[in-house]
Participant: 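Before I ask anything, here is the structure I am working with.
Owing to the predicted nature of the structure, the values given are computational and were not obtained by experimental measurement.
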Amino acid sequence: MAKETTAAQFAAYIWLLDLIFNRGPISKDEIVRRYERNSYINPDGHTLTDRTFYRWRDDIEHLFDVNIKCNHNRDNCYYIECDDDIRKDGVKRWLLNSFSLKNILNESGNVADRILVEEVPSGQKFLTDIVSAIRDSLVLEITYHGFGQNEHTLRIHPYCVKLFHQRWYVYGKSLYNNENRLYALDRILDLNITSDKFKLPKGFDGGALFADRYGVSMNEGPKQTVRIKIDASQVKYFMTLPLHSSQKIVESNDEFSIVEFNLVPTYELKQELRKYGSDVEILAPEWLRQEFLNDAKRVVKGYKGN
């Protein structure tokens, strides 16, 4: 029951934040009316009391670092202070977008089966508890079964969570070996929030931690300039959905474009580029070009047989 209560509270926070972000400035009376009509977030048809509203507003500020302000000069309407910060923040934007979609699905009636979305199976069971532990700086005890590893139980300090390719990961410090690492939520067998507190390292910035990499691999050296040649038929896919914030076109014509990245050449980046086959050629660095060349030789050898 506790998990359901926590999950329901989290959903209510996101609902209120999404409503004010997209519809604000909005009066509290209108917020209350929308709450009463929303059968997903309020299945029992309760009234949103002043006490609950102000508690949610305080919790949102604490949990998401978002301030909901009241404009007393405009009919006491509520709005998001510095809403541009949400537009620039990938996590907050993802939360709002995800909740908006989920709300749409729950309110869509007999057309919901025609709204097709990707599932994120690893985020269903433990994400709410992990976010709660991050918020309250509480140590987690997890039973973990990594690929190629034996099942084991350990304690971690959860610092942040990251979603990548339909998998949720929690990043933090393992008290087993005193190292920082990522744990995939779909490989966690059991999880408990302990009563032990931990202190977040001074200056920790989850966004900065992953800013120079594509994916979740953590120990792959410094960032470098990666230059690739893309066939004209694939260029628009790269431009409309960039792989990384450093991505830029340095040359382009009717046949191909040359694109540069300044990042850590992670395992996930290599896998992403490999899927384009001959439509993408690695130009630099030379060691990465040779790695792809060797991969291509092994593929050809495999098809030709020994």
Side-chain angles (χ1 to χ4, degrees), residues 10 13-14 17 21 57-69 80-96 98 122-123 126-142 144 146 154-165 167-185 188 191-226 242-247 261-269:
F10 190 80
Y13 300 153
I14 299 296
L17 182 55
F21 178 71
R57 187 177 69 164
D58 291 342
D59 288 345
I60 288 171
E61 179 178 353
H62 176 68
L63 184 59
F64 301 110
D65 193 26
V66 173
N67 295 322
I68 298 174
K69 297 291 187 179
I80 304 295
E81 184 181 48
C82 302
D83 58 359
D84 280 347
D85 291 345
I86 293 180
R87 294 184 175 90
K88 297 174 182 176
D89 189 312
V91 174
K92 292 172 185 174
R93 192 171 62 249
W94 178 88
L95 283 169
L96 292 181
S98 296
S122 65
F126 297 119
L127 182 60
T128 301
D129 282 347
I130 291 173
V131 171
S132 296
I134 290 173
R135 177 193 61 199
D136 298 330
S137 297
L138 293 174
V139 175
L140 287 174
E141 184 176 84
I142 64 172
Y144 195 73
L154 69 157
R155 289 188 165 207
I156 65 171
H157 294 174
Y159 294 159
C160 67
V161 290
K162 179 176 175 62
L163 177 66
F164 180 74
H165 281 187
R167 292 184 191 273
W168 276 105
Y169 298 83
V170 55
Y171 176 82
K173 179 180 178 180
S174 166
L175 302 187
Y176 174 75
N177 54 19
N178 210 35
E179 293 180 355
N180 293 347
R181 59 162 294 183
L182 279 161
Y183 298 90
L185 268 63
I188 296 177
L191 179 148
N192 292 296
I193 302 175
T194 75
S195 58
D196 297 333
K197 302 281 286 187
F198 71 89
K199 188 174 182 180
L200 187 69
K202 185 177 181 180
F204 175 81
D205 185 336
L209 179 68
F210 292 96
D212 292 335
R213 64 192 70 243
Y214 174 83
V216 294
S217 297
M218 301 302 298
N219 300 313
E220 300 197 358
K223 65 179 180 179
Q224 304 178 41
T225 297
V226 175
L243 293 185
H244 190 258
S245 59
S246 66
Q247 176 178 312
F261 307 89
N262 188 27
L263 75 179
V264 177
T266 59
Y267 169 82
E268 291 84 8
L269 177 67

Participant: List the atom of V264, the atom of P222, and the distance in Å for their closest heavy-atom pair.
Facilitator: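 Closest heavy-atom pair between V264 and P222: CG2-C, 3.9 Å.
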Participant: With a 4.5 Å cut-off on side-chain heavy atoms, are Y169 and V161 touching?
Facilitator: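 A side-chain contact under 4.5 Å is absent here.
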Participant: Would R167 and L185 count as a side-chain contact (heavy atoms from CB on, under 4.5 Å) if you check the C-alpha gap in whole Å, the side-chain angles of each, and the deciding distance to 0.1 Å?
Facilitator: CA-CA 7 Å; R167 292 184 191 273; L185 268 63; over 6 Å; no
Participant: Just checking K162: does its NZ atom have more than 12 heavy atoms from other residues, nucleotides or ligands closer to it than 6.0 angstrom?
Facilitator: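 Atom NZ in K162 is packed in, count exceeds 12.
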Participant: If you define the side chain from C-beta out and look only at heavy atoms, does anything of H157 sit under 4.5 Å from L175?
Facilitator: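 Side-chain contact under 4.5 Å: yes.
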Participant: Under a 4.5 Å cut-off applied to non-hydrogen side-chain atoms, are V139 and I156 in contact?
Facilitator: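 They are not in side-chain contact.
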Participant: Quick one: which of V66, N67, I80 gives a side-chain contact (heavy atoms from CB on, under 4.5 Å) with I60?
Facilitator: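 Of V66, N67, I80, side-chain contact (heavy atoms from CB on, under 4.5 Å) with I60 is met by V66 alone.
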Participant: Rounded to the nearest 0.5 Å, what's the gap from OG1 on T225 to CG on N262? Could you check?
Facilitator: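 So the OG1 of T225 and the CG of N262 are separated by 5.0 Å.
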Participant: Roughly how far apart are L163 CG and W168 CH2, rounded to 0.5 Å?
Facilitator: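 If I round to the nearest 0.5 Å, the distance is 5.0 Å.
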Participant: With the side chain counted from C-beta on, respond yes when F210 and C160 share a heavy-atom pair under 4.5 Å apart, and no when they do not.
Facilitator: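 Yes - at least one pair of side-chain heavy atoms lies under 4.5 Å apart.
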Participant: Please walk me through it: do E141 and L154 pass side-chain contact (heavy atoms from CB on, under 4.5 Å)?
Facilitator: CA-CA 6 Å; E141 184 176 84; L154 69 157; over 6 Å; no
Participant: Can you confirm whether or not the ring centre of Y214 sits under 6.0 Å from the ring centre of F164?
Facilitator: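 Yes: the rings meet the under 6.0 Å criterion.
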Participant: Between V226 and L263, what is the shortest heavy-atom contact and its length?
Facilitator: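 Closest approach of V226 to L263, heavy atoms only: CG2-CD2, 4.0 Å.
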Participant: Do P265 and Q224 touch side chain to side chain, with heavy atoms closer than 4.5 Å?
Facilitator: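 In contact.
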Participant: Keeping R57 on the side-chain end and E61 on the backbone end, is there a donor-acceptor pair under 3.5 Å?
Facilitator: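 Not confirmed, R57 side chain does not pair with E61 backbone.
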Participant: Kindly give the heavy-atom pair with the smallest separation between F198 and A133, and that separation in Å.
Facilitator: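 Residues F198 and A133, closest heavy atoms: CE2-O, 4.3 Å.
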Participant: Check D136 with K197, please: is the shortest side-chain N to carboxylate O separation under 4.0 Å?
Facilitator: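 A salt bridge is absent here (no side-chain N lies under 4.0 Å from a carboxylate O).
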Participant: Looking at every heavy atom in both P242 and Q247, which two are closest together, and how far apart are they?
Facilitator: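 Smallest heavy-atom distance, with atoms named: CA-OE1, 3.4 Å.
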Participant: Does the separation of the ring centres of Y144 and Y183 fall below 6.0 angstrom?
Facilitator: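 Yes, the ring of Y144 comes within the 6.0 Å limit of the ring of Y183, centre to centre.
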Participant: Under 4.5 Å between any side-chain heavy atoms of L269 and L243, yes or no?
Facilitator: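 Side-chain contact under 4.5 Å: yes.
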Participant: Could you state the interatomic distance from CD1 (I193) to CG (D129), rounded to the nearest 0.5 Å?
Facilitator: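 With rounding to 0.5 Å, CD1 (I193) is 4.0 Å from CG (D129).
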Participant: For the pair S137 and K199, evaluate side-chain contact (heavy atoms from CB on, under 4.5 Å) and give the outcome as yes or no after the intermediate values.
Facilitator: CA-CA 7 Å; S137 297; K199 188 174 182 180; over 6 Å; no
Participant: Angle class for the Y159/F204 ring planes (parallel below 30°, perpendicular above 60°, tilted otherwise)?
Facilitator: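 The arrangement is tilted - the two ring planes meet at 30° to 60°.
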Participant: How long is the straight-line distance from CG of L140 back to CD1 of I134, given to the nearest 0.5 Å?
Facilitator: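 Result: 8.0 Å between the selected atoms.
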Participant: Are the side chains of E179 and K173 in touch, meaning some heavy atoms are under 4.5 Å apart?
Facilitator: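 Side chain of E179 against side chain of K173, heavy atoms only: no contact under 4.5 Å found.
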Participant: Just wondering, do L182 and M218 contact through their side chains at under 4.5 Å, heavy atoms?
Facilitator: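 SC-SC contact between M218 and L182 confirmed.
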Participant: Once you round to the nearest 0.5 Å, how far does CD of E81 lie from NZ of K69?
Facilitator: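 One gets 5.0 Å once the value is rounded to the nearest 0.5 Å.
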